[in-house]
Amino acid sequence: MQTKILKNKKEFFISPTSPFHFDGTFHKPSHFPDKLDDWETGKYWQAIRIDKKIFGLKIENKGEAQNPKIKVSVFYDKNITDKKIENIKQEIIWRFDLNADLKKFNNLAKSDKRFYPIFKKWLGMRNSSSEDLYGLLIVAVVLQNATVRRTVQMMNVLLDNYGTKLKFDCKEIFAIWLPENLGNVSEQDLRNLKIGYRAKFIKRLSQNFAEGKIDEQKLRLLDQENAKKELMKLYGVGPETARILLFEVYHQYNTFDHIAPWQQKIYSQLFYKKPFVSAEKIRDDIKKQYGKYSMLAVHYIWEDIFWRRKNEKIDWLEKEIRL
DNA sequence: CATCAGGGCCCTG
DNA sequence: CAGGGCCCTGAT
């Protein structure tokens with residue numbers, strides 16, 4: 001692992017579309033804890049790579065829900081061009097879906113008697129990915145067939161070995177390695193980190209990305225079905241990983257198709273207050289009610305329960321989240 | 001101590 | 001298209 005200290009700083013502002021919910025957008029309590037970012041109310045830190053160069057980001061809330069404004073501080077090493085600053089700005093807007101037009105979704109939410117309080121509470125929240133496609137792919141792979149504790153272990157050991165530690169703004173934030181950095185790393189090296197069969201996926205995915213076989217930008221232009229088709233071609237990407245990528249990286253709001261068993265139990269409680277409802281019924285009901293915003297609507301309700309979990313004990317939920 | 005399933009996916013038949 | 005196997009870990 002290498003460490004970089006970023007002393008210099010440049011600032012700019014972004015005005016997200018209104019309404020906007022800062023904390024709901026920049027912090028997702030349902031995600032497993034990692035060293036890739038840090039958050040407190042109104043403030044957020046992470047690393048970002050633009051054209052393989054690495055920067056530190058501090059993002060702060062400087063507006064209100066109906067008059068949104070965020071301040072971005074870019075921390076850098078030696079120098080930074082205006083063009084890089086502009087690229088960073090555009091990338092932040094994309095990753096956190098800051099230009100989203102959620103009018104139709106918000107109208108839909110208003111007519112939802114049952115969950116309107118939740119939608120209102122999180123009005124303006126975006127589905128987002130702090131990482132690029134390769135980064136979230138790594139995250140998704142360590143999620144596969146593992147409990148939360150194991151996932152955290154795998155992610156940390158990978159970052160400790162191949163990541164970059166950034167020091168800026170009195171924070172230590174990790175950045176995921178570049179795919180080509182694993183060029184000289186063998187599958188066995190990866191296996192020695194106790195990540196199991198995922199070593200093969202990560203090795204092969206990294207090769208593909210390093211060789212430029214995947215065009216992340218091009219995928220942003222595709223519709224959901226075609227984007228899914230392209231993602232599923234990647235080695236190690238099945239229906240669940242594709243769903244995560246489509247929703248979080250590509251902001252496809254209607255990806256409520258694949259429901260994993262552990263999610264099914266939580267949905268059953270959330271939507272029916274029952275321990276077990278068939279995945280087909282859950283999917284059909286949600287699709288009927290929220291249409292092309294199916295996954296986004298579920299995301300609001302899902303994250304809300306995990307926010308609540310920070311302060312209150314929710315017994316049925318604790319049982320379903322295997323640590 | 002042994003067994004087993006888990007926040008999936010690949011491969012085979 | 002169904003089912004076995006995969007890495008490792010904590011739970012039983």
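Residue numbers begin at 1 in each chain, while the letters A, B, ... track the order of the sequences.
No single ILVMFWY cluster, assembled from side-chain heavy atoms under 4.5 Å apart, contains both A/Ile173 and A/Ile88.
Nucleic acid contact class of A/Thr241 (heavy atoms, under 4.0 Å, all strands): sugar-phosphate only. Among the atoms of the strands shown, none is found under 4.0 Å from any heavy atom of A/Pro261. As judged by a 4.0 angstrom heavy-atom cut-off over every strand, A/Arg198 is placed among the base-contacting residues. Residue-level contact check: A/Leu234 touches the backbone only, with heavy atoms under 4.0 Å from sugar-phosphate atoms and none from bases.
Contact footprint of chain A on DNA chain C: nucleotides with an atom under 4.0 Å from a non-hydrogen protein atom, first to last in 5' to 3' order, C/dC6 to C/dG10.
One finds a salt bridge joining A/Lys71 and A/Glu11 here, because a Lys/Arg side-chain nitrogen approaches an Asp/Glu carboxylate oxygen to under 4.0 Å. A salt bridge does not link A/Lys35 with A/Glu172: none of the charged nitrogens is closer than 4.0 Å to a carboxylate oxygen. Between A/Asp285 and A/Lys281, at least one side-chain N (NZ, or NE/NH1/NH2) sits under 4.0 Å from a carboxylate O, which counts as a salt bridge. A salt bridge links A/Asp257 to A/Lys287: at least one charged side-chain nitrogen sits closer than 4.0 Å to a carboxylate oxygen.
Each of A/Trp302, A/Phe271, A/Tyr267 was scored for a ring-ring contact (aromatic ring centres under 6.0 Å, His included) with A/Phe256, with one residue passing: A/Tyr267.
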> Would you write out the dot-bracket form of DNA chain C, 5' to 3', with Watson-Crick and G-U pairs under 3.5 Å, [ ] for crossing pairs, | for pairs to other strands and . for unpaired bases?
Replying inline: ||||||.|||||
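More than 12 heavy-atom neighbours from other residues, nucleotides or ligands sit within 6.0 angstrom of CG on A/Asn107.
Nearest-nucleotide positions on DNA chain C place A/Gly196 closer to the 5' end than the other of A/Gly196 and A/Arg149. If you find the closest nucleotide of DNA chain B to A/Tyr235 and to A/Val148, the one lying nearer the 5' end belongs to A/Val148. The residue among A/Phe306 and A/Val237 whose nearest nucleotide of DNA chain B lies closer to the 5′ end is A/Phe306.
Rounded to whole Å, the P atom of B/dC10 lies 23 Å from the corresponding atom of C/dT9. The P atoms of B/dG7 and C/dT12 are separated by 13 Å, rounded to the nearest whole Å.
For the pair A/Lys310 and A/Trp307, the distance from NZ or CZ to the six-membered ring centre is under 6.0 Å and the angle to the ring normal is within 45 degrees.
Classified by interplanar angle (parallel below 30°, tilted 30° to 60°, perpendicular above 60°), the ring pair A/Tyr162/A/Trp177 is perpendicular.
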